Amino acid sequence: MRHDFKQIEQKWQEKWEEAGIFHASDDYTKPKFYGLVEFPYPSGAGMHVGHIKAYSGLEVISRKRRMEGYNVLFPMGFDAYGLPTENYAIKTGIHPRIVTDNNIEKFTSQLKRVGFSFDWTKVIDTTDDKYYKWTQWIFRKMFNKGLVFRATTLVNYCPHCKVVLSNEDSQGGKCDICHSDIIQKSKDVWYLRITEYADKLLSGLEDVDYLPNVKLQQENWIGRSEGAFVNFALTNCDESLRIYTTRCDTMFGVTFMVIAPEHPVIQKYADRIKNFDELEAYKAECAKKTEFERTQLVKDKTGVKIDGIAAINPANGKEIPIYISDYVMMGYGTGAIMAVPAHDERDYDFAKKFGIDIIEVIKGGDISTEAYTGDGEMVNSDFLNGIATKKEAIEKMLAFLAEKGIGEKGVQYKMKDWAFNRQRYWGEPIPIIHCEKCGMVGVPYEELPLRLPNMENFAPGEGGESPLAKLDDWVNCTCPECGGKARRETDTMPQWAGSSWYFLRYIDAHNDSVFADPDKLKYWLPVDWYNGGMEHVTRHMIYSRFWHRFLYDIGEVPTAEPYAKRTAQGLILGPDGEKMSKSKGNVVDPNDVVDEYGADVLRVYILFMGDYASAAPWSDSSVKGCKRFIERVAGLADIAKGNGVTEKLESAFHKTIKKVSADIEDMKFNTAIAAMMSLINEIYDAGTLTVDELKTFITLLNPFAPHLTEEMWHTLGEKTFLSVEKWPEYDEAKTVDSVVEYGVQICGKFRGTISMPTGTDKDTAIAAVRADENFAKFFEGKETVKEIFVPNKLINIVVK
RNA sequence: GCGCCCGUGGCGGAAUUGGCAGACGCGCCGGAUUUAGGUUCCGGUGUCCUUGACGUGAAGGUUCAAGUCCUUUCGGGCGCACCA
């Protein structure tokens, strides 16, 4: 049979769509499988082969699940709000709505050409007002629950151009446009109180099946640490200075304190500080640095000693100086630390530079050369002296602090609240109204969606404000509470909003009265298997788990966690081994591959090229190997006339079914395909094949190469769709060979093999080796020390 | 800096998790078919002074047995909050 892929691929894609065989059904009596892949951002460049790889894994699994009798939901959609589209629109003058529609159309046609079994009746677009109505609705629910707030934060600002700049546009502390010094300016922005969910997001990880490194990255991101809050009394003030520490056991080694330059205590006691101007100058200097620089320049510590206020070490009552330094961040803990130079590297560097005392309180290092951060016996620590474990010392100190009423256990998270806004056009309008009398008021639910108004000029404002601010008609409104004059919020939501709940909408994509029907949610949730890139493990995954958990807490979804299982695919690198990018010109367009080789070859190659989870470079010549394989499969039709089933081939079939079935579940698609290649080699060697065996073979291959196998199925006279036929079963007994080859080792060295029936016992096997003349020379005149026998694998005889 | 992952032929990668390293594919070499190129088919292909020895970034260690476990070391990659 000739493989005319151009004709058959399109034909079957149309027939599948016409018959709707990949549509999820509403039959809730069937077991369900919800497979989810990360929906793409429809950029103008179109898809590259990396997208195809990202979807191919669950594509194969979803197809296998259908063949196993599951009701499968495998949807696709578009995450279409965001900057690239907007910037392209500004550049070309084409409205982002039109750009988005064109890109979605392009992506859709590319996806369809590859033959993915998505349920196209459930496609979603985050920029569709029927969709973002519910994005805004969830935001409103959060606002009601107090999870939305506004706060002031520091941004890069150019005082000359009067514009807020991104980190990229303010490198080296200079404005990219006018080259004047950038300062850090306070700006009012929206936040979602995700930190309130830190513990739930952490504990939720215990109940899900994520890849270990996915879990770990999320744990690190949340960054829970257990420690203590301690209040240090200040001289000359009636207030104390609160710090957070994880090492209260080293309290006797505290010889100074450090606070962030922005710490409010400086302003508060300005009149008692003798060098206030000096402190202010230092603070201004720090403000020029970006957050990035502050965390990177760890080597050279800077700071200024506060003159006029000191602190008292509560452990020993000694007076200690307070410094301001930018190595302490206002955003973590309390913005103030107790410094233990002997046992903390940063404090050590600072103490050395400023000539501050370094007191050893844990034995084990040499504090004259460096800080010692290991464990050891406590010294110079009064009631802690002699204690050898950190845990015990911490407990004793906590008890001491509790007794004095100046400290207690505490928990801190690295995760901060989620800055939730953009001063940009192409995003969901934030449904909040500012009323002079009532303050911030949510747009009423019945007025949602709050539609993004159409604009001719949607470039961002000069002062960094949203372009929506220019629309007076839209901005000016009445307050829903008091009916008075009010103004609409003009910020839009960030890129991550729409993708934080999209997996819920797929379940009931066209519902106008609720975001999804509760019965449907109950049946389909949780997502059984979510596959995507490692780059989304922290942001998107954390954000969407947070939204979902919130919806669970208010009774809107039936499960605490959205995703039962999470895996990740590796990148496809360019043929040069570099990450694919337009600028390097090494991007492979799936359309080109489909044109030349067909979708089946593209699919098989992408899954065969290497370990699914690892990065692998594209190779044009390796694609040809998969083309040969597909053509050899087509050629099977010509030899599948024999009726002589050989026992060896039968066994090979059962082994292959077993391996392919197991490998697909482990996402080891490369070895699954390799097993089918081996089988086809055996078939060609045998030169014979029954029609039933051919049917089994093409059924196994169908999830990988659905078009050719569907065509062959029908050529064999079948009228059904192979794509929803029954997945092959294997007979375990027939996967076991009757005779196995044992490896024979003498003294741990391989000396040959010996064939014996499967299941031979140790004594028989060892006797057989001893009787074999090939091994006799190794035993001559030697004494046996040990005999090792691994059933059906090897025999090792140690002699001396 | 902190955290995590990975180093196997000329190349992509296998190795039932401690049991015959290099499956499968690419590339290459030889042969057949072809007017020729391409295609297809058959055979070969880790290294070496080829009875045999050596080989999984390097060096040690544990073990009857190490790519796999432990220690040290070198090299590469990824993540670390308002760019998709």
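Side chains included, hydrogens not; waters and symmetry mates left out as well; all remaining heavy atoms used. As the structure is a computational prediction, the values presented were derived from the model and not from experiment. Each chain gets a letter, A, B and so on, in the order the sequences are listed, and its residues count up from 1.
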Watson-Crick and G-U pairing of RNA chain B, under 3.5 Å, as dot-bracket with | and [ ]: (((((((..(((......[....)))((((((.......))))))(((...)))..(((((..]....))))))))))))....
On the nucleotide B:C41, are OP1 or OP2 found under 4.0 Å from the side-chain N or O atoms that A:Arg632 carries? yes
Side chain to side chain donor-acceptor pair (under 3.5 Å) partners of A:Ser621, counting only residues at least two apart: A:Ser619
Residues in contact with RNA chain B, drawn from residues 665-673 of chain A - heavy-atom cutoff 4.0 Å: A:Lys668, A:Asn670, A:Thr671
Does A:Asn796 have any side chain to side chain donor-acceptor pair (under 3.5 Å) partners at least two apart in sequence or in another chain, and if so, which? A:Gln745
When you measure from the centre of the six-membered ring of A:Tyr730, is the NZ or CZ of A:Lys655 under 6.0 Å away and within 45° of the axis? no
Can you list everything that forms a ring pair (Phe, Tyr, Trp, His ring centres under 6.0 Å) with A:Tyr612? Sequence neighbours excluded, please. A:Phe669
Where the side chain of A:Trp221 is defined as all heavy atoms beyond and including C-beta, which of B:A23, B:C4, B:C80 is the nearest nucleotide? B:C80
Counterpart residues, side chain to side chain donor-acceptor pair (under 3.5 Å), relative to A:Asp763 (two or more places apart): none
Can you sort out the partners of A:Asp576 under salt bridge (Lys or Arg N to Asp or Glu O under 4.0 Å), two or more places apart, ordered by chain and number? none
Any residue meeting side chain to side chain donor-acceptor pair (under 3.5 Å) with A:Glu665, in chain and number order, not counting sequence neighbours: A:Lys64, A:Arg65
Indicate whether OP1 or OP2 belonging to B:G19 is found under 4.0 Å from a side-chain N or O atom of A:Lys793. no
Pair listing, salt bridge (charged side-chain N to carboxylate O under 4.0 Å, His left out) test, anchored in residues 533-543 of chain A, at least two apart: none
Produce the list of close N/O pairs, under 3.5 Å, pairing protein atoms with atoms of nucleotides 25-29 of chain B; give distances to one decimal.
{"unit_1": "B:G25", "atom_1": "OP1", "unit_2": "A:Asn681", "atom_2": "ND2", "d": "3.2"}
{"unit_1": "B:C26", "atom_1": "OP1", "unit_2": "A:Arg628", "atom_2": "NH1", "d": "2.4"}
{"unit_1": "B:C26", "atom_1": "O2'", "unit_2": "A:Ser621", "atom_2": "OG", "d": "2.9"}

Can you run down the salt bridge (charged side-chain N to carboxylate O under 4.0 Å, His left out) pairs that involve residues 603-623 of chain A, sequence neighbours left out, and say none if there aren't any? A:Glu59-A:Arg603
Could I get the full list of salt bridge (Lys or Arg N to Asp or Glu O under 4.0 Å) partners for A:Lys106, not counting sequence neighbours? none
